[in-house]
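One structure below.
Every number for a ligand or one of its atoms is a count from 1 in the order of the listing. The first residue in the sequence is number 1, and the count goes up from there.
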Amino acid sequence: MQKRTFKKTGEKISLLGMGVMRLPETADGLIDEDLSVDMIRRAIEGGINYMDCAYTYHGGASEKVLGKALKNGYREKVFIADKIPAWLAKNEEDIEKMFEESLARLDVDFIDMYLIHNITAPIWKKVQKLNVIPFLEQKQREGKIRHLGFSFHDSLSLFREVVDFRSWDFCQIQLNYMDADIQAGVAGLRYAASKGLSVIIMEPLKGGRLTDAVPSSIKKIWDRAETKISPAEWCFRWVADFPQVTTILSGMSTMDQLEENLAIIENCLPESLTKNELSLIEEAAGKYRELIKYQCTDCKYCMPCPFKVDIPRCLSLYNEWFLYDKNPKTLMEYKSWMDKRQRASNCTDCKECESKCPQQLHITEAMKKIKQEFGE
Ligand code: SF4
Ligand code: SF4
């Protein structure tokens, strides 16, 4: 297994990290514990030493299963990463309660890599209001947290602000060849690395959307490559090409996926893609973009909508729907992750947003189409 260096301590971390958000499930929707334990141990035997978990995954069951899998000498072989969901806290006591709960579920005395989960503008405000950082720094002094970081899903400008706020050890950002300029993106990766942070990458396959159902026009592009590799390998190789990347997370649900990823990662060297390969990836990204229905740049000038519709997010999910061959994960994100009040069905056709859109998008027409397509 290839390893990269954790900047703060010089420790070696596997280039492939295992996300335990998508552990295999039984027919009744619970985590398949036996298979998950086998997968986690096989991952460790295959050289993975970074296990990425969160308080919220599977309502806490992921932490318990990870803790179970790390018994019998496995715990000492890995870095456990876990995350605190500040958005769930009503007060400072809730923060402490969730932290202690995570330690108890994992059945460990300390967590190696602890992250403030999913920083966005409102969550960042809450983190400060509830004094989350001083609390976590205290836990670090007590030896219950080794390294402190954050995971991020907002604009590049907020990302820079958070990076500069204190001396973090690491951060976690979303990155894949379709999202090079979205959220923190490649610019954020370079910025964080220049400030001494190790950078963990999530969503290298865009949640499976770049690999689950590849449109035929994209397949034709990959077929032209000199070296024939899978769409997943193109994704991993693109991310790993950046030497600033420390670890790439993949949420694996089957033993086959794990074995495939273990094999792929061996081919993922820094700065190894040729000019031709990079231009092929760019061509594939360009083709994906052509399939996009609304060229929304996520500038948010149209916001806030007086009726609370999250216009850019609705447009982004509608685009994804066609881009990735109507992948059910997109629909799930719209129906399960988005607040009901933010969905397109709340649009009253007031047209207040349209005059503000620099792309001159017909937002009201789009909202009608989204409602029709997604059913609400
Ligand atoms: S037209 Fe619809 S989306 Fe635009 S501001 Fe009015 S309610 Fe919001
Ligand atoms: S103003 Fe237009 S381009 Fe900008 S986020 Fe809104 S819809 Fe998208």
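- Near F307, with a cut-off below 4.0 Å to any heavy atom, the atoms of ligand 1 are 7 (S).
- Separation of atoms CD (E137) and CZ (R166) is listed at 4.0 Å; rounding is to 0.5 Å.
- Under 4.0 Å from ligand 1, not a single heavy atom of N346 appears.
- Residue P306 approaches ligand 1 through these ligand atoms, each under 4.0 Å from one of its heavy atoms: 5 (S).
- The protein non-hydrogen atom at the shortest distance from atom 6 (Fe) of ligand 1 is C350 SG, 2.3 Å.
- For ligand 1, the atoms lying closer than 4.0 Å to a non-hydrogen atom of T364 are 1 (S).
- When each atom of ligand 2 is checked for a heavy atom of K300 under 4.0 Å away, the hits are 4 (Fe), 5 (S).
- Taking 2.8 Å as the threshold, C305 counts as a candidate ligand of atom 8 (Fe) of ligand 1, since one of its N, O or S atoms lies below it.
- Between F165 and W124, the two ring planes are perpendicular [angle over 60°; tilted spans 30° to 60°].
- With R105 contributing its side chain and Y55 its backbone, the two residues share a donor-acceptor pair below 3.5 Å.
- Close approach of ligand 2 to L315 is summarised as follows: ligand atoms under 4.0 Å from at least one heavy atom of the residue are 7 (S).
- The protein non-hydrogen atom at the shortest distance from atom 2 (Fe) of ligand 1 is C347 SG, 2.4 Å.
- Open room surrounds CD on Q360; 12 or fewer heavy atoms of other groups in view lie less than 6.0 Å from it.
- Of the charged side-chain nitrogens involved, at least one lies within less than 4.0 Å of a carboxylate oxygen, so that K83 and D52 count as a salt-bridged pair.
- In the vicinity of I363, heavy-atom distances shorter than 4.0 Å reach the ligand 2 atoms 7 (S).
- Taking every non-hydrogen atom of C302 and a distance limit under 4.0 Å, the qualifying atoms of ligand 2 come out as 1 (S), 5 (S), 6 (Fe), 7 (S).
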- Please step through side-chain contact (heavy atoms from CB on, under 4.5 Å) for the pair I145 and F99, ending with a clear verdict. CA-CA 10 Å; I145 293 172; F99 177 72; 3.7 Å; yes

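- Heavy atoms from other residues, nucleotides or ligands lying under 6.0 Å from CD of Q372 number 12 at most.
- Among the atoms of C353, no N, O or S atom is found under 2.8 Å from atom 2 (Fe) of ligand 2.
- For ligand 1, the atoms closer than 4.0 angstrom to any heavy atom of I311 are 3 (S).
- A salt bridge links K144 with E100: the closest approach of a Lys/Arg side-chain nitrogen to an acidic carboxylate oxygen falls below 4.0 angstrom.
- Closest to atom 7 (S) of ligand 1 among all protein heavy atoms lies T348 N, 3.4 Å.
- A ring-centre distance under 6.0 Å is not found for W321 and Y334.
- Residue K351 approaches ligand 1 through these ligand atoms, each under 4.0 Å from one of its heavy atoms: 1 (S), 6 (Fe).
- Looking at Q140, its side chain does come within 3.5 Å of a backbone N or O of R146 through a donor-acceptor pair.
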